[in-house]
Amino acid sequence: YRPLLLDGLMQAGTSALPTLLMRRNFRKFVTEELETLFPDSARIVAHPYAADGAAPGWPAAKRKLLAVGPEGGWTDDEVALLEQQGFRRYSLGRRILRTDTATVALLSKLNTEDR
């Protein structure tokens, strides 16, 4: 992934290499590590079955943590697990987008809602 991250940094005109964490067990990560890594964050799970485009009133001072699912989407169990950890659903509409497209669109929309 390093070459892709470096390419992205060059395109963005920045040099702060992000930290990339890879975990094999989603449930274990969410229940055992997430709170330590991202305490006190406004937690958002991208999901097509939420109120479309609703600005849920995230606390502006809080750092946002965005969970975007795989190409096949989140399973019901995964969404329930994330909601148990304080995530709230957020939707761009019912049309399913590719993960890379959804991520860019979500970041753009969430950043403009803070203003």
Side-chain angles (χ1 to χ4, degrees):
Y1 293 97
R2 186 175 171 79
L4 297 172
L5 293 172
L6 292 173
D7 187 42
L9 291 174
M10 286 188 281
Q11 289 178 12
T14 188
S15 60
L17 189 66
T19 301
L20 177 65
L21 302 174
M22 295 176 65
R23 300 293 190 266
R24 290 186 183 268
N25 188 312
F26 177 75
R27 178 172 295 281
K28 184 175 179 180
F29 171 74
V30 170
T31 59
E32 297 179 14
E33 293 185 64
L34 188 128
E35 185 60 38
T36 302
L37 292 170
F38 304 101
D40 196 39
S41 57
R43 297 175 180 187
I44 305 155
V45 57
H47 197 284
Y49 305 112
D52 293 351
W58 311 110
K62 280 192 167 188
R63 181 177 179 190
K64 291 182 182 75
L65 176 60
L66 176 61
V68 179
E71 295 292 332
W74 296 111
T75 66
D76 292 340
D77 288 342
E78 289 169 337
V79 173
L81 179 63
L82 289 167
E83 289 177 330
Q84 289 170 9
Q85 301 300 318
F87 282 80
R88 291 170 44 196
R89 295 180 190 202
Y90 187 84
S91 177
L92 295 172
R94 295 208 182 253
R95 183 172 294 258
I96 305 299
L97 303 173
R98 290 174 45 123
T99 300
D100 54 346
T101 303
T103 301
V104 172
L106 286 159
L107 290 172
S108 176
K109 188 154 171 62
L110 290 168
N111 282 330
T112 59
E113 287 178 1
D114 280 347
R115 296 179 187 173

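Residues take their numbers from the sequence shown, with the count starting at 1.
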Taking all non-hydrogen atoms of both residues into account, name the closest pair between [X] and [Y] and its distance.
X      : Y     : result
Ala102 : Leu92 : O-CD1, 4.2 Å
Thr99  : Gly69 : OG1-O, 3.2 Å
Ser91  : His47 : CB-O, 3.1 Å

Quick one: are [X] and [Y] in side-chain contact, heavy atoms under 4.5 Å?
X     : Y      : result
Leu20 : Met22  : yes
Leu4  : Leu6   : no
Arg43 : Leu66  : no
Phe26 : Asp77  : no
Tyr90 : Lys109 : yes
Leu5  : Pro18  : yes
Ile44 : Leu106 : no

Exercise for the section: Walk me through it: do Glu83 and Arg88 pass the test salt bridge (charged side-chain N to carboxylate O under 4.0 Å, His left out)? Expected result: CA-CA 6 Å; Glu83 289 177 330; Arg88 291 170 44 196; over 6 Å; no

Exercise for the section: Assert yes or no for the condition that the ring centre distance of Trp74 to Phe87 is strictly below 6.0 Å. Expected result: no

I'd like to know if the side chain of [X] reaches the main chain of [Y], judged simply by a donor and an acceptor atom lying under 3.5 Å from each other, with no hydrogens or angles considered.
X      : Y      : result
Ser108 : Ala105 : no
Glu32  : Phe29  : no
Thr103 : Val68  : no

Problem - Salt-bridge present (Glu33, Arg23; N to O < 4.0 Å) - result: yes

With rounding to the nearest 0.5 angstrom, report the [atom1] to [atom2] distance, [X] to [Y].
X      : Y     : atom1 : atom2 : value
Ser41  : Glu35 : OG    : CD    : 7.0 Å
Leu34  : Lys28 : CG    : NZ    : 14.5 Å
Thr101 : Arg95 : OG1   : CZ    : 12.5 Å

Handout entry: Connected via hydrophobic side-chain network under 4.5 Å: Val45 and Leu37
Key = yes

Problem - Leu82 with Leu21, same ILVMFWY side-chain cluster at under 4.5 Å - result: yes

Problem - Heavy atoms of other groups near Arg27 CZ, more than 12 under 6.0 Å - result: no

Practice task
State whether the number of non-hydrogen atoms from other residues, nucleotides or ligands found under 6.0 Å of Asp100 atom CG is greater than 12.
Solution key: yes

